[in-house]
Amino acid sequence: MEERYQPKKIEGKWQRIWEENESFRVGEDPKLPKYYLLEMFPYPSGRIHMGHVRNYSIGDVIARYKRMRGYNVLHPMGWDAFGLPAENAAIERGIHPAKWTSENIAYMRDQLKKMGFSYDWRREFATSDESYYRWEQLFFIEMFQRGLAYKKLSTVNWCERCQTVLANEQVEGGRCWRCEEEVGVRELEQWFFRTTAYAEELLRDLDRLTGWPEKVRTMQRNWIGKSVGAEIIFPFVGRDGSLNVFTTRQDTIYGATFLSLAVEHPLALELPQGTSQQGIVRGFVERMKKVSQARRGTEEVEKEGVFTGAYCLNPFTQEKIPVYLANFVLMEYGTGSVMAVPAHDQRDFEFARKYDLPIRVVIQPQGQTLKPEEMTEAYVEDGVMAASGPFSGLPSAEGREQIANYLEEKGWGKKDIRYRLRDWGISRQRYWGAPIPILYCDSCGMLPVPESELPVILPRDVEFSGEGGSPLAKLPEFFLTTCPKCGGPAERETDTMDTFVESSWYFARYASPDEDRRPLDKARVAYWLPVDQYIGGIEHAVLHLLYARFFTKALRDLGWLKLDEPFTNLLTQGMVIKDGAKMSKSKGNVVDPDFLIERYGADTARLFTLFAAPPEKDLDWSDHGVEGAHRFLSRLWRFAGQHRQALLGVAPDLDPPGLPPGLAALRRLVHRTIKKVTDDIEERFHFNTAIACVMELFNALSLAAREGSATAEGASLIRAGLEAILVLLYPFVPHVASELWESLGNRRSLEEIPWPEYSAEALQEEALLIVVQVDGRVRGKITVSADASDEQIETEALAHPKIQGYLQGKSVRRVIQVPRRLVNIVLEG
RNA sequence: GCGAGAGUGGCGGAAUUGGCAGACGCACUAGACUUAGGAUCUAGCGGGUAACCCGUGGGGGUUCGAGUCCCCCCUCUCGCACCA
């Protein structure tokens, strides 16, 4: 055994052993409880970063721990391999995306292996593999046939830099989630997945995801954005038809003094025809359309509008009210038109003040009477209905209910529910993605590629000009084909799928990655799914995590899955921060995992990232902290080396007879540490405190060993303590733990060793330290035997000389005792 | 603006149920060993010179007892942001 801790010499050895023994290979075993642990798979960008190291270190602790607890653990890894950076590399450096991707994968796979993560590598795949995306194409076709995938012309988010469309979820604060370019709009024929068909279920099932952070559930709830209200019909005055509006505040209908339309509304230009407003409206619409949607979405723009010349009838008041265009009304939400109640909606209030429109108070707050001319802002809370005909005097919540019913009785409208969630736009005008398996035939129209002709293979030989437009659209060999129905000429769809589609079902594919006749082997999927623990960054709260939930439900309805939710428990780990900012290339504050592994070893990298903060919090990078982690492992190594000879022939015994009191305390500490580490892992994944208490145990063990353990009992206990440390540390630092374990002459490897149990009996202290307070302040401590009664403890506490000093001349009012922990003596006055 | 979370030594963080605030680690200080120390070991390490007092963003409250519970305020981070 080397005297110095040299991780490089041992880490490779253990990684080889794990690989040769296929230590982490798993299959279905109905006799064992299964545990599916998954970390979000990486995009093969080139090399792993600290975020990956952290994510996968957290996962590996859980995987190894669960195996030790007797679970059959599925812990796979793969590659989210389609995506823009590969294509950009092709444009910028002339490397084919496939080559770039596979080279990156090879390098990163090697890095992950060097970290010692316990994956079942036999299940590895890349989503750019034909054997993967072919099944995605099958799903697409099945979804198309069920109306869950459809094509429509629509206004979409367009990223000029990425030269492609973005889904709503992929626009963050008006910017592209990937490159931060400001997002514009385009009118395009686009493929969509009908996520809205599952809006209600996606919302409802959030309540069942009790293993998810509340924050993520809230974000998804807000994203889905359910609004319960009513659609109300406002008939036009002087022309046929009506404007239908959606509102959640039908209780304010008597205060609706005008209507507002989005400038994109189909009637926007039609209504003013023949009125004097015609020219004004046209000018307004053109001016507004120039303001990008992105800007309108992010900044509060001054409210502006213009009268259309048209009027509608408020069905409740029978009043003729004007129809305006307003720049703040969104065409994409509701019906693109709203009833304006200035007194009770802030936007309408501002608008009405600006254009001098009537403000009518119809909801009065409890015990107050609002007057329109005195109001400085809208009153948007609930209250009591006023000036509302037969509904006056009703609480507004009840009024909402009654008005909604009344609407339906009268045929003036209906109850309605709207969602903010839109359908998922999945067309991408780029090359490096899964081709959408659709054909266009002049005579037969649009039709799916027959299943027998799948996959539609992404061709290799393409030109990467970077001039925009998909390379596939310039490749007649690809898109020219024949119609499977009539045999005539047909063209293929040249858009590819959003890469979030791949990550929406990869977790299911891991259950049967070798299945080559169908996407999923239902028996194996049934055994492994759902994922018991999923781990990844919070940044996917409403991207990947929402899409994957949708896809799971869709695949369930297509008969491929038998579950409602893919991820039972979710852990969102914090970011890695250095010098006050997220580690990123652009900030120039990255720490390279390769450097870390080379210099300190994988175990140190793992230990530091796990020790520095609990997983859900941000991790503040500290080079000194890394040194500290390395120093701890070095000390452990040295300790084992120094005592190795003395311990080699000794059987570990945590409870040898006749232990002197000092060593009995050590024995108790071993049990306490086992309990603490177990609880910290089991209950809340707080690895930092788990590691801290193993360090404490090691400190105590070092002290005990130094202070004489020459006896046989002492040696047995030292050995037992050291072994406990190695077993407890194994999930965190598996290489060094394995090496030291082996160096003690143990034949069975740590992979075969179960997680230690602690004994409740051994936790019992024979003496108790009781804190004594006077008036709530700590004034002394007493030691009593473990079987002392409350009365005895109280007597002893009162008798304590120091306490006596505080009692001089005062009388004791009462004594409060926390059994076996604390006595508080409360004095008079 | 709305919603969520956080604020504890010089730093990262602990205190899981209202019961010894600061575990563990880093940094720092002193000493030992040493040709040397950016190695290792030992000791110290919230503040106030001290019995003792003060101390968990600030102010109030509940309680025998509050980092922890309640009310008000401040600051920071994240998410959403004209969604009718």
Side-chain angles (χ1 to χ4, degrees), chain A residues 4 172-174 213-219 221-223 225-227 229 245-249 252 260 262 296-301 303 326-330 332-341 344-348 350-351 380 418-422 538-539 541-542 574-575 577 607-608 611-614 616-629 631-632 634-635 638 676 679-680 683-684 686 688-699 702 706 769-781 805 813-818 821-827:
Chain A
R4 256 183 59 223
E172 298 175 343
E214 194 50 52
K215 177 173 185 171
V216 175
R217 295 201 282 167
T218 304
M219 283 169 72
R221 242 176 238 125
N222 292 341
W223 188 262
K226 181 180 182 175
S227 297
V245 308
F246 174 71
T247 181
T248 55
R249 290 302 301 272
T252 64
S260 305
R296 276 205 277 155
T298 47
E299 295 159 37
E300 188 118 339
V301 192
K303 287 172 186 48
N327 62 342
F328 61 86
V329 178
L330 305 172
E332 314 85 70
Y333 186 77
T335 59
S337 53
V338 296
M339 68 177 210
V341 185
H344 305 295
D345 181 285
Q346 186 58 25
R347 295 155 299 185
D348 299 338
E350 289 169 32
F351 196 85
V380 298
R418 297 277 172 163
Y419 300 89
R420 202 183 85 121
L421 181 76
R422 315 277 152 74
I538 186 87
E539 65 273 17
V542 280
M575 291 184 302
I577 305 283
L607 187 67
F608 172 71
F611 178 64
E616 71 279 5
K617 289 185 66 171
D618 286 348
L619 183 154
D620 213 348
W621 192 264
S622 151
D623 293 335
H624 284 302
V626 176
E627 299 264 0
R631 201 147 47 216
F632 170 71
S634 298
R635 265 206 306 276
R638 225 176 304 122
K676 168 88 174 141
D679 291 349
D680 281 349
E683 284 167 23
R684 35 175 216 169
H686 275 205
N688 56 331
T689 49
I691 292 166
C693 77
V694 177
M695 286 174 167
E696 278 185 76
L697 173 60
F698 176 66
N699 291 343
S702 302
R706 204 164 52 230
L769 184 70
I770 307 286
V771 173
V772 185
Q773 299 182 332
V774 177
D775 286 333
R777 323 185 72 111
V778 179
R779 295 303 186 189
K781 286 162 196 179
R813 184 148 61 110
R814 59 195 278 215
V815 177
I816 289 153
Q817 213 177 124
V818 181
R821 293 180 75 173
L822 177 140
V823 177
N824 186 15
I825 299 159
V826 186
L827 301 178

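A, B, ... follow the sequence lines: proteins, then strands. Residue 1 opens every chain. These numbers come from the heavy atoms of this one structure, side chains and all, not from hydrogens, waters or symmetry mates.
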Taking pairs as Watson-Crick (N1-N3 plus N6-O4 or O6-N4) or G-U wobble (N1-O2 and O6-N3), each distance under 3.5 Å, the stems of three or more consecutive pairs with RNA chain B are B:1-7 with B:74-80, B:10-12 with B:24-26, B:28-32 with B:40-44, B:46-48 with B:52-54, B:57-61 with B:69-73
Who are the side chain to side chain donor-acceptor pair (under 3.5 Å) partners of A:Ser337, not counting sequence neighbours?
-> A:Thr335
For A:Phe611, enumerate each residue passing the ring pair (Phe, Tyr, Trp, His ring centres under 6.0 Å) test, keeping only those at least two apart in sequence or located in another chain.
-> none
When all nucleic acid strands are considered with a 4.0 Å heavy-atom cut-off, which category describes A:Ile825: base, sugar-phosphate, or nothing?
-> nothing
How would you label the contact of A:Val338 with the nucleic acid (heavy atoms, under 4.0 Å): base, sugar-phosphate, or nothing?
-> base
Check every strand shown and say whether A:Asp620 touches a base, only sugar-phosphate, or nothing at a heavy-atom separation below 4.0 Å.
-> sugar-phosphate
For A:Phe632, what residues pass the ring pair (Phe, Tyr, Trp, His ring centres under 6.0 Å) criterion, not counting sequence neighbours?
-> A:Phe698
Go through the structure and list residues passing side chain to side chain contact (heavy atoms under 4.5 Å, CB included) with A:Lys226, not counting sequence neighbours.
-> A:Glu200, A:Leu203, A:Val228, A:Ile417, A:Tyr419
Which part of the nucleic acid does A:Asp348 contact within heavy-atom distance under 4.0 Å: base, sugar-phosphate only, or nothing?
-> nothing
By ring pair (Phe, Tyr, Trp, His ring centres under 6.0 Å), which residues pair with A:Trp621, not counting sequence neighbours?
-> A:Phe608
A:Asp348: partners by salt bridge (charged side-chain N to carboxylate O under 4.0 Å, His left out), with sequence neighbours left out | none
Between A:Arg821 and B:G19, is there a side-chain N or O to OP1/OP2 distance below 4.0 Å?
-> no
Using a heavy-atom cut-off of under 4.0 Å over every strand shown, decide if A:Val778 touches base, sugar-phosphate, or nothing.
-> sugar-phosphate
Contact class for A:Gln346 (heavy atom, under 4.0 Å): base, sugar-phosphate, or nothing?
-> nothing
Quick one: A:Ile577 CD1 to B:C76 P, roughly how many Å, whole number?
-> 17 Å
Taking side chain as C-beta onward, heavy atoms only, is A:Thr248 less than 4.5 Å from A:Arg418?
-> no
Is any N or O donor-acceptor pair between the side chain of A:Arg347 and the base of B:A84 shorter than 3.5 Å?
-> yes
Partner residues of A:Glu696 under the side chain to side chain donor-acceptor pair (under 3.5 Å) criterion, sequence neighbours left out = none
What does A:Lys226 touch in the nucleic acid at a heavy-atom separation under 4.0 angstrom: a base, only the sugar-phosphate, or nothing?
-> nothing
A:Arg422 side chain near B:C83 phosphate (N/O to OP1/OP2, under 4.0 Å) | no
Heavy-atom contacts, protein to nucleotides 22-38 of chain B, under 4.0 Å, summarised as B (base), S (sugar-phosphate only) or - (none) per nt, yield -BBSSS-----------
Report the residues that fulfil side chain to side chain contact (heavy atoms under 4.5 Å, CB included) with A:Asn688, sequence neighbours left out, ordered by chain and then residue number.
-> A:Pro614, A:His686
N/O (side chain, A:Arg779) to phosphate O (OP1/OP2, B:C20) under 4.0 Å = no
By side chain to side chain contact (heavy atoms under 4.5 Å, CB included), A:Leu822 pairs with (sequence neighbours left out) A:Val771, A:Gln773, A:Val818, A:Asn824
Can you check nucleotides 54-56 of chain B for protein contacts, nitrogen or oxygen pairs under 3.5 Å, and list what you find?
| unit_1 | atom_1 | unit_2 | atom_2 | d |
| --- | --- | --- | --- | --- |
| B:C54 | OP2 | A:Arg777 | NH2 | 2.6 |

Side-chain donor or acceptor of A:Asp618 paired with backbone N/O of A:Met575 under 3.5 Å = yes
Does A:Lys676 make a side-chain donor-acceptor contact with the base of B:U16, cut-off 3.5 Å?
-> yes
